[in-house]
Amino acid sequence: MGILEKIAEIEKEIARTQKNKAQLLEPSKSAAAKGEGFDVMKSGDARVALIGFPSVGKSTFLSLMTSTASEAASYEFTTLTCIPGVIEYKGANIQLLDLPGIIEGAAQGKGRGRQVIAVARTSDVVIMMLDATKGEVQRALLEKELESVGIRLNKSKPNIYFKPKKGGGISFNSTVTLTQCSEKLVQLILHEYKIFNAEVLFREDCTPDEFIDVIVGNRVYMPCLYVYNKIDQISMEEVDRLARKPHSVVISCGMKLNLDYLLETLWEYLALTCIYTKKRGQRPDFSDAIILRKGASVEHVCHRIHRTLASQFKYALVWGTSTKYSPQRVGLNHLMEHEDVIQVVKK
């Protein structure tokens with residue numbers, strides 16, 4: 001390829017980048033303008049959203065993990081809409097969504113940021129793709145954007161009982177010693193939200209911000225996995241430092257490094273269990289597993305097999321780690337564990 005052809009190719013790429021950037025950053029002219037839908041129908045056993053700045057390797061990751069080919073190039077804003085793919089792992093179908101790159105000010109609607117964040121709210125786990133060569137800057141900016149729209153990453157819901165009432169003023173109690181909140185501060189916060197009659201009970205030492213989250217009530221608490229890509233471009237000491245951070249995994253999509261460990265960690269964060277079924281007098285069917293959330297009971301398994309099975313249920317025989325001996329005769333409330341085998345006996 002000659003120099004002139006190379007220059008022409010670079011000019012084409014620059015024009016393409018500018019066009020994509022304009023398409024993402026400029027809002028549509030009319031509110032009712034017709035366009036392609038952004039959200040994707042939920043399918044599979046779990047949903048994982050890929051969030052990150054432009055050009056950190058989200059599309060490459062999707063193409064590596066699934067059979068879906070998402071367009072990837074060395075310029076920003078290659079992905080303009082939500083591209084779904086499916087990871088098949090341990091018998092489960094995990095839906096992976098490749099979302100357009102988030103930019104600063106996404107929470108205010110910049111660069112289709114609101115749609116991207118709205119899709120992230122509906123997922124079970126967020127994978128935050130970060131460029132290992134950029135350090136901690138990207139992570140802090142993305143966390144700030146998600147916090148501002150009510151997504152709380154790797155946090156549990158505050159253990160505060162709050163109930164507005166018709167009258168009787170504010171009733172305040174706590175079962176623990178409060179170091180960050182006081183009764184007066186709680187009353188001030190409630191008055192700010194025009195609440196003058198309510199019952200409040202603190203069961204743990206929470207901050208004022210966490211109490212506000214409980215009042216507002218539209219916060220989403222979800223697990224997040226910080227994935228540092230492009231580790232082949234940094235030193236071993238930096239890789240070791242990033243890998244030791246909580247909720248973090250280091251990978252390289254270009255050299256296909258550590259992808260199997262990422263899948264294992266993702267499975268733990270999704271908290272899924274595989275349950276196998278067995279007919280009387282036959283071997284268990286290990287080819288087709290029932291995928292449920294951790295903490296699922298025999299009743300949940302029955303509902304998944306058929307909606308009328310729970311009403312005709314007599315007892316179940318269970319083999320696996322959830323039983324004291326195999327097989328154990330159990331009722332509807334017995335909690336199942338990963339890779340248990342169940343045989344349901346009807347009335």
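We number each residue from 1, following the sequence as shown.
In this structure, Gln138 contributes its side chain and Asp131 its backbone to a donor-acceptor pair below 3.5 Å. Looking only at distances, no side-chain donor or acceptor of His303 sits under 3.5 Å from a matching main-chain atom of His300. Asp45 places a side-chain N or O within 3.5 Å of a backbone atom of Asn93 that can act as its donor or acceptor partner. Side-chain atoms of Ser123 do not come within 3.5 Å of backbone N or O of Arg47 as any donor-acceptor pair. Put simply, the side chain of Lys184 never gets that close to the backbone of Leu188: no donor and acceptor are under 3.5 Å apart. Here the side chain of Glu210 pairs a donor or acceptor atom with the backbone of Thr207 at under 3.5 angstrom. Formation of a donor-acceptor pair under 3.5 Å by the Asp285 side chain with backbone atoms of Tyr276 is not found in this model. Without hydrogens or angle criteria, Asn229 side chain to Met129 main chain gives no donor-acceptor distance under 3.5 Å. Under a 3.5 Å cut-off, the side chain of Ser63 and the backbone N or O of Phe61 do not form any donor-acceptor pair.
Of all the heavy atoms in Lys165 and Glu199, the pair that sits closest is CD-OE1, 4.0 Å. Between Ile195 and Ile170, the closest heavy-atom pair is O-CD1, 4.1 Å. The two residues Arg203 and Thr175 have their closest heavy-atom pair at CA-OG1, 3.3 Å. Among all heavy-atom pairs drawn from Ala316 and Val298, the shortest one is CB-CG1, 4.2 Å. Here the closest heavy-atom approach between residue Ala46 and residue Arg293 is recorded as CB-NH2, 4.0 Å. Nearest heavy atoms, Cys206 versus Cys181: O-SG, 3.9 Å.
The hydrophobic clustering, which links ILVMFWY residues whose side-chain heavy atoms are closer than 4.5 Å, places Tyr221 and Leu270 apart. Linking Ile, Leu, Val, Met, Phe, Trp and Tyr whenever their side-chain heavy atoms come within less than 4.5 Å leaves Leu332 and Val341 in two separate clusters. Taking hydrophobic clusters as Ile, Leu, Val, Met, Phe, Trp and Tyr residues chained together by side-chain heavy-atom distances below 4.5 Å, Ile291 shares a cluster with Leu96. Both Val216 and Ile189 sit in one connected hydrophobic cluster of ILVMFWY residues. Membership requires side-chain heavy atoms under 4.5 Å apart, directly or through other members. Connection of Val301 to Tyr315 is not established within any shared hydrophobic cluster, with ILVMFWY side chains joined at heavy-atom distances below 4.5 Å, either directly or through further cluster members.
Under a cut-off of 6.0 angstrom, the local environment of CZ in Phe286 is crowded, with over 12 non-hydrogen atoms contributed by other residues, nucleotides or ligands. Atom CD of Glu192 sits in a sparse spot, with 12 or fewer heavy atoms from other residues, nucleotides or ligands closer than 6.0 Å. The environment of Asp240 atom CG is dense: over 12 non-hydrogen atoms of other residues, nucleotides or ligands sit within 6.0 angstrom.
The shortest side-chain heavy-atom distance between Thr323 and His334 falls under the 4.5 Å cut-off. Side-chain contact between Ile251 and Ile231 is absent, with no heavy atoms from C-beta onward closer than 4.5 Å. Contact of the Lys134 side chain with the Phe53 side chain is not registered, since no non-hydrogen atoms from C-beta on lie closer than 4.5 Å. For the pair Gln180 and Asp205, the minimum side-chain heavy-atom distance is below 4.5 Å. Residues Leu190 and Phe162 are in side-chain contact: their nearest non-hydrogen atoms beyond the backbone lie under 4.5 Å apart. In this structure, Tyr228 and Arg139 have side chains that are in contact, with non-hydrogen atoms separated by less than 4.5 Å. For the pair Asn154 and Tyr226, the minimum side-chain heavy-atom distance is below 4.5 Å. The closest side-chain heavy-atom distance from His247 to Leu153 is not below 4.5 Å.
The distance from the CZ atom of Arg152 to the OG atom of Ser156 is 12.5 Å, given to the nearest 0.5 Å. Here the straight-line distance linking atom CG of Leu266 with atom CG of Leu259 works out to 12.0 Å at 0.5 Å rounding. Note that the CD atom of Glu237 and the CZ atom of Arg241 stand 11.5 Å from one another [nearest 0.5 Å]. The CG atom of Asp340 sits 10.5 Å away from atom CD of Gln328, with the distance rounded to the nearest 0.5 Å. Note that CZ of Arg304 is 12.0 Å distant from OG1 of Thr277, once rounded to the nearest 0.5 Å. Residue Leu178 holds its CG atom at 10.5 Å from CD of Glu204, rounded to the nearest 0.5 Å.
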- request: Please assess Met336 against Thr273 for the test side-chain contact (heavy atoms from CB on, under 4.5 Å), listing each intermediate value before the final yes or no.
  value: CA-CA 8 Å; Met336 304 293 285; Thr273 52; 5.9 Å; no
query: Would Leu262 and Leu225 count as a side-chain contact (heavy atoms from CB on, under 4.5 Å) if you check the C-alpha gap in whole Å, the side-chain angles of each, and the deciding distance to 0.1 Å?
result: CA-CA 9 Å; Leu262 172 57; Leu225 202 53; 3.6 Å; yes
- request: Would you check, one step at a time, whether the test side chain to side chain donor-acceptor pair (under 3.5 Å) holds for Thr133 with Gln233?
  value: CA-CA 7 Å; Thr133 59; Gln233 297 172 22; 4.8 Å; no
- request: Please lay out, stage by stage, how Ile212 and Tyr193 fare under the test side-chain contact (heavy atoms from CB on, under 4.5 Å).
  value: CA-CA 9 Å; Ile212 290 166; Tyr193 283 89; 3.2 Å; yes
- request: Tell me, with the steps shown, if Leu263 and Met65 meet side-chain contact (heavy atoms from CB on, under 4.5 Å).
  value: CA-CA 9 Å; Leu263 267 182; Met65 292 307 220; 3.8 Å; yes
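Note: His191 and Phe196 have tilted aromatic rings, judged against thresholds of 30 and 60 degrees for the angle between ring planes.
Salt bridge Glu147/Lys155: present, at least one basic N to carboxylate O contact under 4.0 Å.
Listed by chain and residue number, Phe172, Phe211 satisfy the ring-ring contact (aromatic ring centres under 6.0 Å, His included) test with Phe202 (two or more places apart in sequence, or in another chain).
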